[in-house]
Amino acid sequence: MQITNGGNPYNSDRVSQAYIDINSCGYHHITDTDYTTVRPSGRSDFQLIYLWKGGAHFELENGPTWVKQGQLVLFKPGEPQNYTYYAKDKPQSYWIHFTGVGCEELLRTCGIWQEPVYTVGSCVEFTELISKIIQEIQLKPPQYNLLCRGYFFQLISIIGRRLEQQRSSQENRKYEKLIAVIEAIHNEYQDERDTDDYAAMCHLSSSRFLHLFKQYTGMSPHHYKISIRLEKAKDMLSSTTLSIAEISWIVGFTDPLYFSRIFKQSTGMAPSMYREQFFSL
């Protein structure tokens, strides 16, 4: 079992009034003996544990949890800590204890607060920065505390960026199924098509489709199609001499009076007044 530590063993659980301070950090590589940590009352500081390889068994608030390679665990002050590294899994982990009045603000800003476990994947920057902090604390060269804080800010920022990129990617994947529908609406904006047809294109229920579509576009498929028709109508009103009734039919409205009413609701003026802006002497 290889353990590398950095920190003050006589004051490793202190509470600092600085914005951020590092109490201790280290690296575990368990190869021959199971290793268990039990702190029923937790600690006075924060702790982040990153599973670089293998996995470990954690007893968390929501029950037993297997934390695997690429995941990060956050312990807040006073939270019970109970976890075991099993030698058979050959786990490798990096950990850091930190304190300060700015911890909560920093963690919340980077999206590391609501949950105890976060998936960040293979994060080489984490291991490199922790290793630099360990070295600084062990050697204690001039201004090492300031440099450790700088490394820690980088560390949390990198984690926050990865989590935000994951969330954005998940959002994009959620809406991928809508792309074909949106393209179809743009290509067939003159046609009437049932919402159930669009939902079937996405292999979604009608209610789920409507929910996602409104989330993505801010409006229902019907109003989205109307907005496209109105934009097409604006273009024709400003660039052709076609009658308003003809334009109404071309863009998909079967009733010119209805078209005029919808156009005025959208633009604040009747189609004829809109046209006058472009053809008035």
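For clarity, every value in this text was computed on a predicted model and none was experimentally measured.
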*Do H186 and Y224 have side-chain atoms, one donor and one acceptor, less than 3.5 Å apart?*
yes
*Taking atom NZ of K90 as the centre, does the number of heavy atoms from other residues, nucleotides or ligands within less than 6.0 Å exceed 12?*
yes
*Using only heavy-atom distances, determine whether the side chains of D196 and S206 contain a donor-acceptor pair under 3.5 Å.*
yes
*Within-4.5 Å side-chain heavy-atom neighbours: F213 and T195*: no
*To the nearest 0.5 Å, how far apart are OG in S24 and CZ in F98?*
11.0 Å
_Heavy-atom closest contact (I134 atom, Y27 atom, distance)_ = CD1-N, 4.3 Å
*What is the minimum heavy-atom distance between M269 and Q277, and which atoms define it?*
SD-NE2, 3.7 Å
*Taking only Lys NZ, Arg NE, NH1 and NH2, and the carboxylate oxygens of Asp or Glu, determine whether E125 and R161 approach each other closer than 4.0 Å.*
no
*D45/R14 ion pair, N-O < 4.0 Å*: no
*asked:* Side-chain heavy atoms nearer than 4.5 Å, only ILVMFWY residues, links allowed to pass through others: does that put Y118 and W66 together?
replied: no
*What distance separates I247 CD1 from F263 CZ, expressed to the nearest 0.5 Å?*
9.0 Å
*Residues Y19, E105; criterion side-chain contact (heavy atoms from CB on, under 4.5 Å); working and verdict*: CA-CA 10 Å; Y19 188 78; E105 178 186 32; 2.7 Å; yes
*So, do W95 and V73 sit near enough that their side-chain heavy atoms are less than 4.5 Å apart?*
no
*asked:* Go through it in stages, so that I can follow the logic: the residues are F259 and R229, the test is side-chain contact (heavy atoms from CB on, under 4.5 Å), and I'd like the CA-CA distance, side-chain angles, deciding distance and then a yes or no.
replied: CA-CA 10 Å; F259 164 68; R229 290 176 178 179; over 6 Å; no
*asked:* Less than 4.0 angstrom from a charged side-chain N to a carboxylate O is my criterion; do R108 and E104 meet it?
replied: yes
_Check for me, please, whether F126 and V124 land in the same ILVMFWY cluster - side-chain distances under 4.5 Å, paths through other members count._
yes
*Do L146 and C148 come close enough that some side-chain heavy atom pair is under 4.5 Å?*
no
_Counterpart residues, side chain to side chain contact (heavy atoms under 4.5 Å, CB included), relative to P77 (two or more places apart)_ = F46
*Step through the shown structure and confirm whether more than 12 heavy atoms of other residues, nucleotides or ligands are within 6.0 Å of NZ on K76.*
yes
_So which atom in I112 and which in L74 form the shortest heavy-atom distance, rounded to 0.1 Å?_
O-CD2, 3.6 Å
*Minimum heavy-atom distance between L210 and P221, given as atom pair plus value*: CD2-CD, 3.5 Å
*Partners of T84 by side chain to side chain donor-acceptor pair (under 3.5 Å), sequence neighbours excluded?*
T36
*Distance-only polar pair, side chains of H57 and E59, donor-acceptor under 3.5 Å*: yes
*Between OG1 of T217 and OH of Y175, what distance do you get to the nearest 0.5 Å?*
9.5 Å
*Look only at the side chain of S157 and the backbone of F153, and say whether a donor-acceptor pair between them is shorter than 3.5 Å.*
yes
_Given the ring of F75, does R43 sit roughly above its face, with NZ or CZ under 6.0 Å from the centre of the six-membered ring and within 45° of the axis?_
no
*Examine distances only and state if a side-chain atom of R39 and a backbone atom of P80 form a donor-acceptor pair shorter than 3.5 Å.*
no
*Separation of Q135 CD from Y144 OH (nearest 0.5 Å)*: 14.0 Å
*Would E136 and Y151 count as having a side-chain donor-acceptor pair, cut-off 3.5 Å?*
no
_Heavy-atom check, side chain of M219 versus side chain of S227, under 4.5 Å_ = yes
*Are the side chains of R149 and D21 in touch, meaning some heavy atoms are under 4.5 Å apart?*
yes
_Using every non-hydrogen atom in the two residues, find where I20 and G102 come nearest and quote the distance to one decimal._
CD1-C, 4.0 Å
*Taking only residues two or more places apart in sequence, or in another chain, which ones meet R261 in a salt bridge (charged side-chain N to carboxylate O under 4.0 Å, His left out)?*
none
*Pairing residues for R167 by the salt bridge (charged side-chain N to carboxylate O under 4.0 Å, His left out) criterion, not counting sequence neighbours*: E164
*asked:* Does Q265 have more than 12 heavy atoms from other residues, nucleotides or ligands lying within 6.0 Å of its CD?
replied: yes
*First locate atom CZ of R208, then atom SG of C202, and finally report the distance between them rounded to the nearest 0.5 Å.*
11.0 Å
*Do L237 and L242 have side chains that get closer than 4.5 Å, going by heavy atoms?*
no
*So does Y216 have more than 12 non-hydrogen atoms from other groups sitting under 6.0 Å from OH?*
no
*Interatomic spacing from OG1 in T65 to CG in L60 - rounded to 0.5 Å*: 4.0 Å
*asked:* If the condition is salt bridge (charged side-chain N to carboxylate O under 4.0 Å, His left out), which residues does E231 pass it with, not counting sequence neighbours?
replied: K234
*Could you tell me whether a side-chain N or O of K214 sits under 3.5 Å from a main-chain N or O of H211, the two making a donor and an acceptor?*
no
*Does one hydrophobic cluster hold both I158 and I156, with members joined at side-chain heavy-atom distances below 4.5 Å?*
yes
_Exam field: side chain S260 to backbone P256, donor-acceptor pair closer than 3.5 Å_ = yes
*Heavy atoms only: give me the nearest V251-A233 pair and the separation to one decimal.*
CG1-N, 3.9 Å
*How would you list, by chain and number, every residue that makes a salt bridge (charged side-chain N to carboxylate O under 4.0 Å, His left out) with E183, sequence neighbours excluded?*
none
*Between the side chains of Y50 and S93, does any donor sit under 3.5 Å from an acceptor?*
no
*Any side-chain heavy atom of I49 within less than 4.5 Å of one from L72?*
no
*Treating Ile, Leu, Val, Met, Phe, Trp and Tyr as nodes and any side-chain heavy-atom pair under 4.5 angstrom as an edge, say whether M236 and Y258 lie in one connected cluster.*
yes
*Give the ring-plane orientation class for Y85 versus F58, where under 30° counts as parallel, over 60° as perpendicular and anything between as tilted.*
perpendicular
_Between the side chains of R193 and D191, is the shortest nitrogen-to-carboxylate-oxygen separation below 4.0 Å, so that they form an ion pair?_
no
*asked:* Any donor-acceptor pair under 3.5 Å linking the side-chain atoms of E246 with those of S243?
replied: yes
*asked:* If only side-chain N and O atoms count, and only distance matters, is there a donor-acceptor pair under 3.5 Å linking Q81 with T37?
replied: no
*Spell out, as yes or no, whether a donor-acceptor pair under 3.5 Å connects the side chain of S266 to the backbone of I262.*
no
